[in-house]
Amino acid sequence: MHDVPINKVRNIGIMAHIDAGKTTTTEQILFHSGRVYRIGQVDDGTASMDWMDQEQERGITICSAATFCSWRKHRITIIDTPGHVDFTAEVERCLRVLDGAVAIFCAVGGVEPQSETVWHQADRYEIPRLAFVNKMDRSGADYFAVVEAMKDKLGAKAVPIQLPWGCEDTFKGIIDLIRNQAVFFNHEKDDEVVERMEIPDELRDQAEEYRCILLESLAELDDDFLNDYLEGKEIRADRIKKLLRRYVLSGDIVPVLCGATLRNIGAQTLLDAIVDYLPSPVDVPAVRVLDRDGNEEIRPPNEKEKLTGLVFKIVNDDYCGKLVYVRIYSGKMKKGQKILNASNRRKERISRILEMHANRREEREDLGPGDIAALVGLDQVGTGDTICEIGHPVFLEGMRFAEPVISMAVEPRTPAQSDKMMDVLDKLSREDPTFKLHKDEETGQTIISGMGELHLQVMVERALRESEVRLRVGEPSVAYRETIEERKSGEYKFIRQSGGKGQYGHVIVDVEPAARGFGFEVKAAVKKTDIPAEFIPSVIEGIEDAARTGYVAGYPMTDMVVTITGGSFDDADSTEIAFKAAASMAFKDAVRRAGPILLEPIMNLQVITPPEYIGAIIADSGSRRGKICETIKNPNRVVIRSLVPLAELFGYATVLRSLTQGRASYTMEPAFFDVKQ
């Protein structure tokens, strides 16, 4: 399986909103491809891709899990990603190294909040994708409504290439619009035979209508095909597939398939579509790298090229130690080889190469372009680092992750476990870029920060299970930010004389507000005659240190630009320490004048409820300073979307259960930071 040509390699991700059926679909793919011999179930904790204790107990995916299988002599690497918004960083870093994706939508829920989030993440990386409408056997399933929602909410060029054969409890197969056939999944046979037959009479008109839509979508993009279509020439299935592949790879079309993977319907035809339409490593643009001088190079996916790989995930394994997940873009890597981590300029040796199947592993001797595997023996690497050949350092574009929005204090139950607690929390923070850890200098407390209550709960549980450290946990608190409202200047002279060599530093800075979401930037626009170049790094460091603790309430500052505009120095007494201190005080002086304010995280809240509870939910949202954005009414349920400050949403699950007798559900995700009211 490892020796397949690179054009027969598929690296794909399975992405969706929580409970759309990602893991169940992956289990079906693994079973029908012969990778596993028993279909695991999410609900009873036997799914092979949900291997963590917390995943099995909660019935959700928390960590992305990689595996591989074979289908029609193609090698498919699959990464099953989490659907809960608290673990969206897992999706982000996986999409960074994948070539294609399968977006799964619930036939009842349609395009849900996290569906939109992961879709736009895939847009950012320009990843070709398929859409699979799952759970067609559920009450309330509506395939065509989901397709329209994809067009309206995602802006996707969604084109059905399959239609459902039946719906809800009558769903039994699909209509293949490319071959113009009905497909029946025969569960009575041991090998789950896919049977093709004539389209039933009652579905022929609908199949013809949607086949015309498919052909017209292709005709809009290809002039030769348009001419043949208008002339009424016979359109062969292989020509449709060839054109469809071209326009899936270009992002002009998203084919839509359907099924019910819990009932073993649709996995085989989905595998066919993955092979037929999603890209191999040679179908996507070759990666661009920068050398140390900032010159750009292109590294095609070829073994003869120099080694280029990206670290996208770190996992601490009980048996192997630190597992470093890497995607190889070019060149070849062998077990025992020495490599260079260009990001920190360290040389390390690869002791083992492991191909992962969730938490199980298989030894490999080498890796080539397009391979995704785990390395053992690399101690000084982090997420987003570039690995390359010694003597040929290059840099791939790194990864960006959202800032944490919620924090809580933790402490060990006994002082003797303090060091052990810090060790395990530090390991977890190296694994997860959105899990932050710091010590509050004023109170001495250890503060952990993450993307939501569930995120922090899972991390605390992992700390207990992986180190047996029992933690006391404080109440969650909001991770506020600080910014300014006006443009102002600040100045400070740091002068110390103690009889010998003195300390002298003088810095003038301007601060100005920036747009929400801009971040924090420091620029130097100062003459060398005012501040010599060798002191500028110390000035920048002093400003950044001061910005981390803010001015109003000790929160990090954001959405502002700081410009170093002037200063002075003394040939005898100026030092880096003096300029760092002067810069910190000048920055604080400028912020004090510029109208510092607090920003709070605002969340996108979506509540799905029976119609009779609309009034109570909207009234409760108003009491939480919420702003209703949209209300979507369906026959049996209502979707209420609103913007609510995170500070008002702690314990919301309990309140919602009380308001709706446990019949409503909700999801929330960070939207933006806004001025605290």
Side-chain angles (χ1 to χ4, degrees), residues 1-6 8-13 26-27 29-31 33-38 40 47-52 63-71 73-80 93-94 97-99 280-281 301-303 307-341 346-383 385-390 427 430-431 466:
M1 187 196 279
H2 304 316
D3 300 325
V4 300
I6 192 169
K8 291 191 174 183
V9 171
R10 302 289 184 268
N11 292 319
I12 67 161
T26 306
E27 292 291 322
I29 287 173
L30 296 176
F31 175 75
S33 64
R35 187 72 181 86
V36 299
Y37 299 98
R38 175 179 175 272
S48 57
M49 302 302 285
D50 284 350
W51 56 271
M52 290 177 62
C63 284
S64 55
T67 187
F68 61 94
C69 65
S70 179
W71 186 257
K73 298 182 179 179
H74 286 66
R75 172 184 165 81
I76 304 173
T77 298
I78 303 170
I79 298 185
D80 177 27
R93 59 182 171 185
C94 292
V97 298
L98 293 172
D99 301 320
S280 71
N302 191 312
E303 288 188 0
L307 174 65
T308 310
L310 182 71
V311 174
F312 68 96
K313 183 177 169 71
I314 306 290
V315 173
N316 291 294
D317 185 84
D318 291 339
Y319 302 100
C320 301
K322 187 175 183 178
L323 291 179
V324 176
Y325 282 76
V326 64
R327 160 73 189 259
I328 304 299
Y329 288 100
S330 66
K332 195 161 186 177
M333 174 189 289
K334 295 182 179 180
K335 185 169 73 172
Q337 177 180 346
K338 277 192 172 182
I339 57 96
L340 172 69
N341 179 354
R346 289 179 177 269
K347 299 175 184 178
E348 300 199 58
R349 184 186 297 275
I350 300 161
S351 59
R352 297 170 69 191
I353 299 175
L354 303 174
E355 194 151 48
M356 304 302 294
H357 174 55
N359 64 331
R360 296 183 288 279
R361 54 195 74 81
E362 297 179 13
E363 296 277 352
R364 287 277 303 264
E365 293 298 315
D366 55 37
L367 296 175
D371 282 338
I372 294 175
L375 309 179
V376 180
L378 308 184
D379 294 326
Q380 302 296 322
V381 296
T383 301
D385 286 356
T386 301
I387 58 174
C388 52
E389 289 185 12
I390 296 173
K427 284 182 181 179
R430 288 199 296 269
E431 281 190 25
E466 294 176 20

When rounded to the nearest 0.5 angstrom, what is the spacing between [atom1] in [X] and [atom2] in [Y]?
X	Y	atom1	atom2	result
Glu363	Ile353	CD	CD1	9.0 Å
Cys388	Met333	SG	CE	10.0 Å
Leu98	Ile372	CG	CD1	5.5 Å
Asp99	Arg10	CG	CZ	9.0 Å
Thr383	Arg93	OG1	CZ	5.0 Å
Leu323	Lys313	CG	NZ	10.0 Å

Hey, are the side chains of [X] and [Y] touching, using non-hydrogen atoms and a 4.5 Å cut-off?
X	Y	answer
Asp371	Thr77	no
Cys69	Ile29	yes
Leu375	Leu367	yes
Ile339	Leu378	yes
Asn11	Val97	no
Arg346	Asp379	no

Looking only at heavy atoms, what is the nearest atom pair of [X] and [Y], with distance?
X	Y	value
Val4	Lys8	CG2-O, 4.2 Å
Pro281	Val9	CD-O, 3.5 Å
Gly331	Pro369	O-CD, 3.3 Å
Leu30	Phe68	CD2-O, 4.2 Å
Asn341	Asp385	ND2-OD2, 3.1 Å
Trp71	Ser33	CE3-CA, 4.0 Å

Tyr325 six-ring centre to Arg327 NZ/CZ under 6.0 Å and within 45° of normal: no
Main-chain N/O of Lys332 paired with Glu303 side-chain donor or acceptor, under 3.5 Å: no
Any side-chain donor near an acceptor of the partner, Asn316 and Glu431, under 3.5 Å: yes
